[in-house]
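Note on naming: letters A, B, ... go to the chains in the order of the sequence lines (proteins, then strands), and numbering restarts at 1 for each one.
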There are 2 protein chains.
Amino acid sequence: MKVTIKDIAEIANVSVATVSRVVNNKSKGVGEETRKRILELIDQYDFQPSAVARGLVTKKSKIIGLIIPDLTNPFYPKMTKGIEDVAHEHGYNIILCDGNNSKEKEAAYLDFLNEHYVCGIIYNNFHTISNTILNKIMKSSLPLVFIDSKPETKRCKCVYLDNRKAMYELVEYLILNGHRKIAFITGPLDSYSTNERYKGYINALSDYDMPIDSDLIVQGDYIIKDGYNAVGKLFSQTKDFTVIACCNDLMAIGAMEKLEDMGIDVPEDISVVGFDDIDIASLVRPKLTTVAQPIHEMGREAANMIINIIEGRSNKIQDNIIFKPNLVIRDSVKKIN
Amino acid sequence: MKVTIKDIAEIANVSVATVSRVVNNKSKGVGEETRKRILELIDQYDFQPSAVARGLVTKKSKIIGLIIPDLTNPFYPKMTKGIEDVAHEHGYNIILCDGNNSKEKEAAYLDFLNEHYVCGIIYNNFHTISNTILNKIMKSSLPLVFIDSKPETKRCKCVYLDNRKAMYELVEYLILNGHRKIAFITGPLDSYSTNERYKGYINALSDYDMPIDSDLIVQGDYIIKDGYNAVGKLFSQTKDFTVIACCNDLMAIGAMEKLEDMGIDVPEDISVVGFDDIDIASLVRPKLTTVAQPIHEMGREAANMIINIIEGRSNKIQDNIIFKPNLVIRDSVKKIN
DNA sequence: TTGAAAGCGGTACCAT
DNA sequence: ATGGTACCGCTTTCAA
């Protein structure tokens, strides 16, 4: 059996109130003598207060829920580390929920976290959620911070990259290197950040008076295999492109694999660029040109933000923290005439 | 304010007991009429029962704690997915704790999980834990399953790969390909699986009458950078080796980076092998020869095991589930004479 | 300095 | 088919 506060109180011949005081380090209200005795008992009997019982009365929990789209995309573990770092500095723990790229699972996790007295939620919303769900969370008045995402319809606290600008700069870089036929492997367009990237692509093309060709655009789901398959699809639609811009590095790497299998040289025959700058980007050959997100830092900021909200330092809280992208030029793009 | 079971009872003009019955889907004890009315109210007021209050009385929680060494090693997310898959099939959720390769953090998480009425812990123990801690967990009688690890001193439920055999086969493969000077980048030797791999290396050498040369052995911490640095260290000690065997793929990839930077060709000048077969292994060039762990399946088995324990199906529970390794031959090893 | 007792939001047993 | 109520393990007044 687990030893409870009652047990300790009994053994120490004091009330539970007194034990509670020493457990919670209340400086006053307990005699030096008693405190010492209780402390010893706690140690001896290995007493651990039940966070559940405590949570029931305090309604607080030092636990922050984190919902991400997919654990196996290295981008998210890196973000998670950033969040965990500052959470731990402040004594908070993280419950990590992997939504598996599924809207339903995300919603289920939202419920799950709500039921468990987490003291806040950091939500990397992938597929745009319905207003119903959004309303529900916001009505629960649980501190909520969006990371790498942003609901279009509500005013929320958000930490994200300027995705549109990022993709714009990336495509512009391609254009300045002489590319005129730019294929695009997009993600699901009901994802906020994907949609922004898409707009960045479109904007760049139109700013440079280049036509939008739907044959040049295919969709994937942000995993390697989809990049691989997308290239096949692309070639079945047209052969008239000199570079493939991908909405993330994973798909870019998949694309490069497919091109290699087809005997097409990167970047000699066709160039490829990615997005995110995960570690693998510099490990593949040719090294991938991509745009970096300061993901660890974004994680840290999101954690800071939610802790500020939780602890009521409203003066320090801004609505949005928007990060700037950073173009990382490596070896996967050829300059052409 | 959050609406409670009491609120619903009041509005519905019934007792909390009745509401509790319908919330928990007790088929009997509630009239058709009443049930319908309450269900409507629950929906209308968006009532979510507090898992915390419930946990306090039932002492159960449908939450399994999972402790892993390092989220940024793709090996662990893959394992986590396997665990989550079957956990969800059975209605359980996972609290993921990243021990950050630190013994202290692992111990802290163990405490954390203990305090929170998780109904079981799956523990990927990295640095061998002390008996004190081990005793403490086992005394708490919380269902506990070790994955990819195994305490040496106690009888526990464990799911793991036969690491020794795996490394033995890998090294044997090198020997059969003519390699006689085999460098070894190990991990921390107080890790069970690392230690087993080390033994596999030693055993293979001695079975083939090859000497153990300590200059050929350097230690890293399972991250890319360590593989990179280890190669530098290796060359400062000796130049007399034809292949580098690494205790995981990440370090192997780091090693290949360093070799490339030094202008040394893999596998022409020096061969490299890894361990794990994470996705990246087949993405780098040359493609990495390595030994695969059926990690997703291992995750699934660990989850099955702990759920069997939790739900008291003791007949189905064996002490250890040991998986067989699978040599994956790619392009990073040269056959020499 | 210390203790008694009222909850927190549920569950489950015992009556009715 | 329902309701009343005693807990679960803790925190937090309020009194002593």
Take atom NE2 of B:His116 and atom P of D:dC8, then tell me their distance rounded to the nearest Å. 21 Å
Could you list the residues that satisfy side chain to side chain donor-acceptor pair (under 3.5 Å) with A:Glu106, not counting sequence neighbours? A:Tyr123, A:Asn125
Tell me every residue that passes side chain to side chain donor-acceptor pair (under 3.5 Å) with B:Tyr117, counting only those two or more places apart in sequence or in another chain. none
For A:Asp7, which contact category applies under a 4.0 Å heavy-atom criterion: base, sugar-phosphate, or nothing? nothing
Measure CD1/A:Ile8 against C1'/D:dC10 and give the value in whole Å, please. 14 Å
Please report the distance, rounded to the nearest Å, between CG in B:Asn13 and C1' in D:dG4. 15 Å
Does atom NZ of A:Lys154 have more than 12 heavy-atom neighbours from other groups under 6.0 Å away? yes
Main chain of A:Thr72, side chain of A:Asp70: is a donor-acceptor contact present, judged purely on distance under 3.5 Å? yes
Measuring centre to centre across the rings, with the benzene-like ring taken for any Trp, is A:Tyr222 within less than 6.0 Å of A:Phe126? yes
Would you tell me if any nitrogen or oxygen in the side chain of B:Ser15 comes within less than 4.0 Å of OP1 or OP2 on D:dG4? no
What string of B, S and - do you get for nucleotides 6-16 of chain C, 5' to 3', when a contact is any protein heavy atom under 4.0 Å? -BBBBSBB---
Distance-only donor-acceptor check, side chains A:His127 and A:Asn101, under 3.5 Å: no
